Amino acid sequence: MKKILFTAISLGIAVQAHAQIGVNKSSVNGTSTILDFEDSPSNTKGLILPAPDNLSAALSGTPSNNNGTFLFDKSDKKVKVYENNAWKALSDEGNSSGIMNNTTAEHTSTQGIIMGAPSSSAYGVLVLESANKAMILPKIQTPHQTVKSPYPGMICYDTVSKTIAIFDGAVWNYWK
């Protein structure tokens, strides 16, 4: 609980300062980075996409403000992105049996953490707002070989194939 509270306070301070954030590292790569993850050669930890129970309720407010939203759709077991007011599949059908349901109270709130701006019209668990900064995905060497128990919706950058890798619950999908 203390670790969660410390992380929330740190993120809140960083958001107010419009700072760059490094996760599991002491500094971020580059000056155009809002969020950066560990990139050591031994890293096997990726970013887990949200997996809502109801896709139609996954976006609230004005859906047009949510272009670029990524999630794992439990109804058809596919990773999707919201683009131009429609969900587009980024993987074939995977397996959602390993996904644990979130039963905590925070999943019912109307807004998640916003980084890079004091507010946002976009809706999500984590909303990154910046006119000149981007997120760097966690970097993993050959995740299909090194990540022993991937979680459905895990996303990372494969440093060997130089592709985005995402686990759909059954297989790794790679995008150039």
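None of the values given here were measured: they were computed from a predicted structure.
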Study note, to complete from the structure: Separation between NZ (Lys78) and CG (Leu90), nearest 0.5 Å, reads 10.5 Å
**Study point:** Heavy-atom pair of closest approach, residues Ile34 and Met135
**Key:** CG2-N, 4.2 Å
Point to revise | Approximate separation, where rounding is to 0.5 Å, of Thr33 OG1 and Ile136 CD1 | key: 3.5 Å
**Study point:** Check: Asp39 and Pro138 side chains under 4.5 Å, non-hydrogen atoms
**Key:** no
Point to revise | Distance (rounded to the nearest 0.5 Å) between Asp168 CG and Asn173 CG | key: 4.5 Å
Review point. How many angstroms lie between atom OG of Ser120 and atom CD1 of Ile113, to the nearest 0.5 angstrom?
Key: 13.5 Å
Exercise for review: Kindly indicate whether the side chain of Thr69, heavy atoms from C-beta on, has any atom under 4.5 Å from the side chain of Val81.
Suggested key: no
Check your understanding: Hey, are the side chains of Phe37 and Asn24 touching, using non-hydrogen atoms and a 4.5 Å cut-off?
Key -> no
**Study point:** Listed partners of Asn132 passing side-chain hydrogen bond (donor to acceptor under 3.5 Å, both in side chains), at least two apart
**Key:** Ser130
**Study point:** Listed partners of Thr44 passing side-chain contact (heavy atoms from CB on, under 4.5 Å), at least two apart
**Key:** Thr146, Val147
Point to revise | Sequence-distant partners of Asp158, salt bridge (Lys or Arg N to Asp or Glu O under 4.0 Å), two or more places apart | key: none
Check your understanding: Is Gln20 reaching over with its side chain to a backbone N or O of Asn29, donor-acceptor style, under 3.5 angstrom?
Key -> no
Review point. Do Leu47 and Leu126 belong to the same hydrophobic cluster, where Ile, Leu, Val, Met, Phe, Trp and Tyr are linked whenever their side-chain heavy atoms lie under 4.5 Å apart, directly or via other members?
Key: yes
**Study point:** Whether Asn95 side chain and Ala170 backbone form a donor-acceptor pair below 3.5 Å
**Key:** no
Study note, to complete from the structure: Hits for side-chain hydrogen bond (donor to acceptor under 3.5 Å, both in side chains) against Ser26, two or more places apart or cross-chain, chain-then-number order -> none
Exercise for review: Step by step, work out the salt bridge (Lys or Arg N to Asp or Glu O under 4.0 Å) result for Asp36 and Lys25.
Suggested key: CA-CA 8 Å; Asp36 191 6; Lys25 61 191 303 184; 2.8 Å; yes
Exercise for review: Could I get the full list of ring pair (Phe, Tyr, Trp, His ring centres under 6.0 Å) partners for Tyr174, not counting sequence neighbours?
Suggested key: His144
Point to revise | Approximate separation, where rounding is to 0.5 Å, of Lys176 NZ and Ile164 CD1 | key: 11.0 Å
Review point. Is the backbone of Lys133 close enough, under 3.5 Å, to the side chain of Ser32 for a donor and an acceptor to pair up by distance?
Key: no
**Study point:** Those residues that, when tested against Ala134, pass side-chain contact (heavy atoms from CB on, under 4.5 Å) (two or more places apart)
**Key:** none
Check your understanding: Listed by chain and number, what are the side-chain contact (heavy atoms from CB on, under 4.5 Å) partners of Phe167, not counting sequence neighbours?
Key -> Pro150, Met154, Trp172
Check your understanding: Taking only residues two or more places apart in sequence, or in another chain, which ones meet Glu83 in a salt bridge (Lys or Arg N to Asp or Glu O under 4.0 Å)?
Key -> Lys88
Exercise for review: Under the side-chain hydrogen bond (donor to acceptor under 3.5 Å, both in side chains) rule, collect the residues that match up with Asp73, sequence neighbours excluded.
Suggested key: Ser75, Lys80
Point to revise | Pairwise side-chain contact, Thr159 with Lys139, heavy-atom cut-off 4.5 Å (strictly under) | key: yes
Review point. What do the steps show when you test Val127 against Glu129 for side-chain contact (heavy atoms from CB on, under 4.5 Å), and what is the final call?
Key: CA-CA 6 Å; Val127 177; Glu129 289 282 357; 3.9 Å; yes
Exercise for review: State, with a plain yes or no, whether a side-chain heavy atom of Leu71 is found less than 4.5 Å away from one of Trp87.
Suggested key: yes
Study note, to complete from the structure: Sorted by chain and number, sequence neighbours left out, side-chain contact (heavy atoms from CB on, under 4.5 Å) with Pro152 holds for Phe72, Ile99
Point to revise | Minimum heavy-atom distance between Leu35 and Met115, given as atom pair plus value | key: CD1-CE, 4.0 Å
Review point. So how far is it from Lys45 NZ to Cys156 SG, rounded to the nearest 0.5 Å?
Key: 13.5 Å
Check your understanding: Given the rule that I, L, V, M, F, W and Y join up when any side-chain heavy atoms are under 4.5 Å apart, are Leu128 and Val23 in one cluster?
Key -> yes
Revision key, fill the gap. For Ile166 and Ile155 the tightest heavy-atom approach is CD1-CB, 3.9 Å
**Study point:** Same cluster (ILVMFWY, side-chain, under 4.5 Å), Val28 and Tyr157
**Key:** no
Check your understanding: Taking only residues two or more places apart in sequence, or in another chain, which ones meet Lys74 in a salt bridge (Lys or Arg N to Asp or Glu O under 4.0 Å)?
Key -> Asp53
Study note, to complete from the structure: Applying side-chain hydrogen bond (donor to acceptor under 3.5 Å, both in side chains) to Thr163 and not counting sequence neighbours gives Ser161
